[in-house]
Amino acid sequence: MAVTQGQGGGGTSQLHVDFKNNPKKTIKKLIESQQLAEDPATIAKFLLYTQGLDDAALGDYVGDGDEMCSQVLKCLVSTFNFRGLGFDDAL
């Protein structure tokens, strides 16, 4: 993943602002500029490990319903371990 993530300071980068305003467009721009591979697993890792992304925007992206977003959601969910948890705890 070639996207440069802000370090230290806890400031909000343009990436964070863009993602909050339009997550799907931001992901598309990162792919088009070859900063992110057009691969569900890679996008899922980006979403999971990029600190400070807006949670609501992330939910909007994975809940979008198009094929790529659905595949990204599956990749994200596959990273979580729900074994031994009751339904309420898993949610």
Side-chain angles (χ1 to χ4, degrees):
M1 168 175 22
V3 176
T4 305
Q5 299 172 18
Q7 296 179 3
T12 303
S13 72
Q14 189 62 46
L15 169 70
H16 291 87
V17 172
D18 292 346
F19 187 81
K20 182 176 182 175
N21 292 330
N22 192 332
K24 194 169 182 180
K25 182 178 178 182
T26 303
I27 296 294
K28 183 179 178 184
K29 284 172 54 178
L30 292 171
I31 292 168
E32 288 173 351
S33 65
Q34 298 180 343
Q35 295 181 62
L36 191 63
E38 189 172 9
D39 168 65
T42 302
I43 296 169
K45 286 179 185 175
F46 167 77
L47 296 174
L48 190 60
Y49 295 114
T50 302
Q51 293 182 349
L53 291 179
D54 184 78
D55 292 339
L58 195 152
D60 289 344
Y61 179 78
V62 297
D64 182 81
D66 81 4
E67 184 62 28
M68 177 61 85
C69 294
S70 295
Q71 290 177 15
V72 171
L73 175 60
K74 288 178 186 176
C75 289
L76 275 174
V77 171
S78 73
T79 66
F80 301 119
N81 181 1
F82 298 108
R83 289 188 185 173
L85 296 177
F87 182 77
D88 290 339
D89 292 331
L91 289 176

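Keep in mind that the numbers below use all heavy atoms, side chains included, and drop hydrogens, waters and symmetry copies.
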Side chain to side chain contact (heavy atoms under 4.5 Å, CB included) partners for [X], two or more places apart:
X: Ile31; answer: Ile27, Leu36, Glu38, Ile43
X: Phe87; answer: Leu91
X: Gln14; answer: Val17, Asp18
X: Leu73; answer: Val62, Val77

(request) Quick one: which residue pairs count as a side chain to side chain donor-acceptor pair (under 3.5 Å) with a foot in residues 71-86, not counting sequence neighbours? (result)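 Pairs touching residues 71-86 that pass the test: Glu67-Gln71.
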(request) Measure the CG-SG distance between Leu47 and Cys75 for me, rounded to the nearest 0.5 Å. (result)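 Rounded to the nearest 0.5 Å, the CG-SG separation comes out at 10.5 Å.
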(request) Heavy atoms only: give me the nearest Pro23-Ala57 pair and the separation to one decimal. (result)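 Of all heavy-atom pairs spanning Pro23 and Ala57, the closest is CG-O, 3.3 Å.
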(request) Return each pair, listed once, that meets salt bridge (Lys or Arg N to Asp or Glu O under 4.0 Å) where at least one residue sits in residues 48-62; pairs must be two or more places apart or across chains. (result)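 The answer is none; no pair qualifies.
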(request) Just jot down the salt bridge (Lys or Arg N to Asp or Glu O under 4.0 Å) partners of Asp66, sequence neighbours excluded, or say none. (result)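 Expected list: Lys24.
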(message) Can you confirm whether Leu53 sits close enough to Phe46 that some side-chain heavy atom of one is under 4.5 Å from a side-chain heavy atom of the other?
(response)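 Heavy-atom side-chain distance check passes, below 4.5 Å.
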(message) Which residue in the set Leu30, Thr50, Leu58 passes side-chain contact (heavy atoms from CB on, under 4.5 Å) when paired with Phe19?
(response)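 Testing each of Leu30, Thr50, Leu58 against Phe19, the sole residue satisfying side-chain contact (heavy atoms from CB on, under 4.5 Å) is Leu58.
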